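Treat the numbers as computed from the prediction; the structure is a model and nothing was measured.
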Amino acid sequence: MAAAAAALASSPLVHLTSPRIRFPRPRASAASACCSRWGCPRGAYLDWRPLRRCERMRRFSIDEGGGGSGGEDEEKRSEDEAAVEAKVGTAEELGSERSRSGSFSSSSSSSSVTPGVSSEPTLLSFSVDSIDTVKLLELLGPEKVDPADVKAIKEKFFGYTTFWLTREEPFGDLGEGVLFVGNLRGDREEIFGKLQRQLRELTGDKYNLFMVEEPNSEEGDPRGGPRVSFGLLRREVSEPGPTTLWQYVISLLLFLLSVFSCIELGIASKISSLPPEIVSYFTDPNATGPPPDMQLLLPFVESALPVAYGVLAIQLFHEVGHFLAAYPKKVKLSIPFFIPNFTLGTFGSITQFKSILPNRKAMFDISTAGPLAGAALSFSMFSVGLWLSLNPAGASDLVQVPSNIFQGSLLLGLVSRATLGYSAMHAATVSIHPLVIAGWCGLTTTAFNMLPVGCLDGGRALQGAFGKDALFGFGLTTYSLLGLGVLGGPLSLPWGLYVLLCQRTPEKPCLDDVSDVGTWRRAALIASVFLVVSILIPLWDELAEDLGVGLVTSF
């Protein structure tokens, strides 16, 4: 039994214990097999330092069998150590590796070992320091550009007549690309088009070439405009991925929730005719007792459908505007992800670009086409609804709403006051057509989506018209106004949280991220910002009383 125990203790196999792991000695054939399998040159991707650590672990994990063979074992260990050191580098590299990793400590090879007794060696203890983070990021991160292609591009594309290259910098979110910095020698759009054609002829569809503003440039281009640089990224890194099956499922579920929230909005518009116990339960903060029977609301679902249909139609028309503007520019869009909201029916929808935008004009046109279409339909519904509210023949279709609702918007409240008159607006409730509610919610949602912040339609339009630096400044101002409740009133906080969670990141740059969009596009954006502010600014009591909007009961 003692002999079997001694043999088991001196076995060179792997010993597994809870705090320690012992490895067998790695062989050179494993490295050869790895290189032959993956087609890499020997030593290019294989680090010999783990082999060296395993060799030392194996030596210290084998217990001595007797005192008489200690000298021979010491001599053999010395030979093995010399062989390993020849593979991995010099003795100075070994000392640097030990001091840097700090991951193991070994017993002295000259220490005495009692025959027949297994000594407890100190083995490898894994830690974060022993992980080569640079190599890990290279393996897990995006694929970088090929240095051979970069060399060919520099030799064949750049020169005195196109772009005089001065230096290279990392490009991309993780530095996976190359940014060529230098001096432009002609018209930027012509040179960029020429470089794109040459890149396709040389590498096919392997890369995407971007024309961006030169970072940290203190002066502009002598020909006008900012100084430009050219960024190179692999196509699979720079282009968005395709829509997955889970995204289709999520989009469908969100759409169904938005339908439910729009129906809830239609039911809420019938607040004057709803059962009193339901109204008091949801409006009175001091209400106690068990919740009312929700089946009492079923008779009101059918009468709530016109408002729900109106709100959904506006959002669908909004998305149609995006797709109609993107189609001639050959820009792919994702399916819309509707965001439900029980106050407005919906927050709108999130629509992503599924291809790289060719230039900032395309970004501006596609981004503004959706809000323009939605605002046109919303204002039409709002105007027709106000006209129908004055028609006595359609009195049976009207709904009673509190008059102070019209104080939620400066522009829409003034239009309603001018149409319905002073006496109608100063009653406790106002009779309006359901189209007024649908148009009001559609205009408010469109105005929120045109705020110049993040990846909203307004943020994309501002980024296309004035650049990402202007978007940063406007974004901070918008967040401040939302936080103070200046824009949107009680809806400012939920909308600000929605933007922070879902839409805060600016849009990725276009292929041509430098060319100007023109004066009239910038002027149209500035005018739309003024309209957005006038819609989202609520009326305070003193101003509402002076303008005759709603019944003011307290100051």
Main-chain N/O of G473 paired with T477 side-chain donor or acceptor, under 3.5 Å: yes
Close side-chain approach of T429 and V401, heavy atoms under 4.5 Å: no
Side chain proximity check, L543 to W540, heavy atoms < 4.5 angstrom: yes
Would you tabulate the side-chain donor-acceptor contacts of residues 371-384 under 3.5 Å, counting partners in other chains and residues two or more places apart, or write 'none'?
{"residue": "S378", "atom": "OG", "partner": "G374", "partner atom": "O", "Å": "2.7"}
{"residue": "S380", "atom": "OG", "partner": "A376", "partner atom": "O", "Å": "2.8"}
{"residue": "S383", "atom": "OG", "partner": "F379", "partner atom": "O", "Å": "2.8"}

Side chain proximity check, D513 to F210, heavy atoms < 4.5 angstrom: no
Exam field: side chain R521 to backbone V517, donor-acceptor pair closer than 3.5 Å: yes
Side-chain donor-acceptor pair present, D149, T203, cut-off under 3.5 Å: no
Contact check, side chains of V430 and S403, non-hydrogen atoms, under 4.5 Å: yes
Any donor-acceptor N/O pair, S409 side chain to P538 backbone, under 3.5 Å: no
Closest non-hydrogen atom pair between S238 and N208, with its separation: OG-ND2, 2.9 Å
Closest non-hydrogen atom pair, D146 against Y207: N-OH, 3.1 Å
Residue list, side chain to side chain donor-acceptor pair (under 3.5 Å) with R167, at least two apart or on another chain: E169
Results of side chain to side chain donor-acceptor pair (under 3.5 Å) for Q196 - residues two or more places apart only: none
Q198 side chain to L195 backbone, donor-acceptor under 3.5 Å: no
Within 6.0 Å of CZ in F474, more than 12 heavy atoms from elsewhere: no
Any residue meeting side-chain contact (heavy atoms from CB on, under 4.5 Å) with L482, in chain and number order, not counting sequence neighbours: F448, L451, T478, L487, S492, W495
By side-chain contact (heavy atoms from CB on, under 4.5 Å) - contacts of L414 (at least two apart): L410, L547, V549
Donor-acceptor contact below 3.5 Å, side chain R417 vs main chain L412: no
Backbone of P336 reached by a side-chain donor or acceptor of S251 within 3.5 Å: yes
Salt bridge (Lys or Arg N to Asp or Glu O under 4.0 Å) contacts touching residues 236-252 (sequence neighbours left out): R234-E236, R235-E239
Where at least one partner belongs to residues 319-330, residue pairs that pass salt bridge (Lys or Arg N to Asp or Glu O under 4.0 Å), sequence neighbours excluded: K329-D365
Side chain to side chain donor-acceptor pair (under 3.5 Å) involving S431 - partner list, sequence neighbours excluded: Q400
Full working for salt bridge (Lys or Arg N to Asp or Glu O under 4.0 Å) between R360 and D516: CA-CA 7 Å; R360 286 162 55 175; D516 194 4; 5.6 Å; no
For F157, the option from I191, L165, T162, L199 that meets side-chain contact (heavy atoms from CB on, under 4.5 Å): L199
Minimum side-chain heavy-atom gap K156-L202 below 4.5 Å: yes
Counterpart residues, side-chain contact (heavy atoms from CB on, under 4.5 Å), relative to L476 (two or more places apart): F472
Donor-acceptor side-chain pairing of N449 and H318 below 3.5 angstrom: no
Contact check, side chains of V529 and M450, non-hydrogen atoms, under 4.5 Å: no
F342 to E264 - nearest heavy-atom pair and separation: O-OE1, 2.9 Å
K354 side-chain N/O to G241 backbone N/O, donor-acceptor pair under 3.5 Å: yes
Within 6.0 angstrom of Y309 OH, more than 12 heavy atoms from elsewhere: no
Backbone of L398 reached by a side-chain donor or acceptor of H433 within 3.5 Å: no
Selection residues 186-200 - residue pairs positive for salt bridge (Lys or Arg N to Asp or Glu O under 4.0 Å), sequence neighbours left out: none
Separation of I314 CD1 from T445 OG1 (nearest 0.5 Å): 8.0 Å
Side chain S534, main chain L531, donor-acceptor under 3.5 Å: yes
Heavy-atom pair with the smallest gap, counting every atom of E507 and M363: CG-CE, 3.8 Å
Qualifying residues under side-chain contact (heavy atoms from CB on, under 4.5 Å), relative to S258, sequence neighbours excluded: S261, F338, P340, T346
Donor-acceptor pair, side chain of S355 and main chain of K332, under 3.5 angstrom: yes
Any side-chain heavy-atom pair of Q503 and I350 under 4.5 Å: yes
R460 side chain reached by C455 side chain, heavy atoms, under 4.5 Å: yes
Pairs satisfying ring pair (Phe, Tyr, Trp, His ring centres under 6.0 Å), at least one member in residues 218-253, at least two apart: F163-F230
